Number of protein chains: 2
Amino acid sequence: MQSVRDSAATTTASSHRKQAGRAPVVPTFSPLYRQIKALITRSLRDGDWKPGEAIPSEQMLARRYGVSQGTVRKAIDELAAEHLLVRRQGRGTFVASHNEARAQFRFLRLRPDEGEPAQPESRILECRRLRAPAEIARLLRTRPGETAVLIRRLLAFANTPTVLDEIWLAGGRFRGLTAERLSAYRGPMYGLFEAEFGTRMIRCEERIRAVAADGSVADALDVPLGHPLLLVDRLSYTYNDVAVEVRRGYCVTSGFHFFNELL
Amino acid sequence: MQSVRDSAATTTASSHRKQAGRAPVVPTFSPLYRQIKALITRSLRDGDWKPGEAIPSEQMLARRYGVSQGTVRKAIDELAAEHLLVRRQGRGTFVASHNEARAQFRFLRLRPDEGEPAQPESRILECRRLRAPAEIARLLRTRPGETAVLIRRLLAFANTPTVLDEIWLAGGRFRGLTAERLSAYRGPMYGLFEAEFGTRMIRCEERIRAVAADGSVADALDVPLGHPLLLVDRLSYTYNDVAVEVRRGYCVTSGFHFFNELL
DNA sequence: TAGTGGTCTAGACCACGTG
DNA sequence: ACGTGGTCTAGACCACTAT
């Protein structure tokens, strides 16, 4: 067992003890608990512990890393705040998963105006591999022409078509993804991605606009030409701020709205 | 000086020590640091410390409340996470304010597609007191017919009219608010509210839809009739989850977008 | 009863900002 | 040099869950 303090890593990601030399322009100081946090994050990214599973207890991690329980605790606190881990008193700390009730609506903000948030039915229209257009490649930070997965799907609430999505995924991470597997999966798409492709969506940026429905979109969503739609452009990231999904959604907001909370 | 532990409040908001009696259906257990948090929140609500000012140091608060510094620290941690307080290492802990660079864009999510987020110019079209319509009264949880303040204003980025807002405020909190004071104020409207009316906006819920511009809106925003607009319905709360503002905004999203981050 | 996370304390020392 | 928040430790005990 090798502690953080004694490890070679201490040289680069220095301990919290006094650091020699002049004050750097950009402070490189990294407290111990953040180094522990980075180690845990790496284990999560590498799949050492799978979504839904418990990670080792705080005491065990403290011994493993050679720090106090309080320090491990602070690292886990931050990871829990970022929804990478979920604490359950008396049971343990678990790797967060999109296949759980609590996570269902974190990335699905469209809700019916009346009644409870509901899970829409998904119909896969298309799923194929092809060369990423320049714009997609730029956002995914891959070389232009790199292969990507394109998914087109329709979401419906109670048989009302509501969202038309066009989704681009980084090709390397999703080999073997097909329309059949997407259609067969019970649960949210991000749940499939994390369970079967080892890629977990951590956070998204969304840019929202209002647009008029053009021919093909109006057709798919069963609204008149020119009908106002919400255009939601999403960029999703996994561990280490790596962009892996570009998504464009057209949403009907008659009877539905996009819910957002500013905290 | 009276400590939390000895105070009468301990009877109701019990300490963390063993609580007698059977396990209640809804656990009423409230840890010490949350009681401290509630005390600090009350001081904030009551204006004991004003926005922008420093609150007493952790050591002083610990002595005042008769607990350890670590417990005060944990209370402040949560308040800082909720943006009620701002910590500044080496200087102290400060009451958050909307009149600060860091807070400028937390409640203003509309951004230019290109370039940095910018502060729009505001033109007040109207500001008057009148009886709240039933729907507004319901949302503000006041009696129907209670007086409210109605503000209508236009936001423009670089002389491009972009947002038309209709804002309803709980009447009792904003006596003496006029179009003149709104126009004269340098800085965001929420900054005026907190500085001159003692009401600080803490969090908002927003419901977003796409709609077609009708006559009057199209006119004010200088867009064609039927132009797609973002309709943003906002409900804002101050301390203790009290709703104090209902706002409806129509946003032009040509050259602009609504930015949202899912964390 | 045992094990986990949750709370609280007391003390030492570090990093940062200001005199 | 001083005061502030920030980090780290060690230990005690509480609340919750499973067995």
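Note that this is a predicted model, so its numbers are computed, not measured.
- The CG-P distance, from B:Leu61 to C:dT9, rounds to 14 Å in whole Å.
- Centroid-to-centroid, the aromatic rings of A:Phe193 and A:His98 stay 6.0 Å apart or farther.
- Heavy-atom distances under 4.0 Å link DNA chain C to B:Gln89, B:Gly90, B:Arg91 of residues 87-103 of chain B, given in residue order.
- Picking from D:dC8, C:dT4, C:dA10 the nucleotide with the shortest atom distance to the side chain of A:Thr71 gives D:dC8.
- Pairs of residues two or more places apart, or lying in two chains, that qualify as salt bridge (charged side-chain N to carboxylate O under 4.0 Å, His left out) and include a residue from residues 36-60 of chain B are B:Lys37-B:Glu78, B:Lys37-B:Glu82, B:Glu58-B:Arg73, B:Glu58-B:Arg87.
- Rounded to whole angstrom, the span from the NZ atom of B:Lys37 across to the P atom of C:dT7 amounts to 11 Å.
- Between the side chains of A:Tyr237 and A:Glu245, no donor N or O sits under 3.5 Å from an acceptor N or O.
- When rounded to the nearest whole Å, the span between CZ of B:Phe29 and P of C:dC8 equals 6 Å.
- Residues B:Phe197 and B:Arg173 fail the side-chain proximity criterion, which asks for heavy atoms closer than 4.5 Å.
- Between A:Ser97 and A:Glu194, the side chains place a donor N or O and an acceptor N or O closer than 3.5 Å (distance only, hydrogens not considered).
- Between B:Glu58 and A:Gly70, the residue whose closest nucleotide on DNA chain D is further toward the 5' end is B:Glu58.
- Distances were taken from every side-chain heavy atom of B:Ser57 (C-beta onward) to each of C:dC8, D:dG5, D:dC8; the shortest belongs to D:dG5.
- Remark: A:Phe157 pairs with A:Leu110, A:Ala118, A:Pro120, A:Thr162, A:Phe256 by the side chain to side chain contact (heavy atoms under 4.5 Å, CB included) rule, at least two apart or across chains.
- A:Gln69 has its CD atom 11 Å from the C1' atom of D:dG11, to the nearest Å.
- The phosphate of D:dC8 (OP1 or OP2) has no side-chain N or O of A:Lys74 nearer than 4.0 angstrom.
- Residue A:Glu78 contributes atom CD, which lies 8 Å from atom P of D:dT7 at whole-angstrom precision.
- Put simply, OH on A:Tyr65 is 14 Å from P on D:dT9, counting in whole angstrom units.
- Rounded to an integer number of Å, the gap from CD1 of B:Ile76 to C1' of C:dC8 is 16 Å.
- A:Thr238 and A:Arg200 share no side-chain donor-acceptor pair at under 3.5 Å.
- Here D:dG3 presents its C1' atom at 10 Å from CD of B:Gln59, a figure rounded to the nearest Å.
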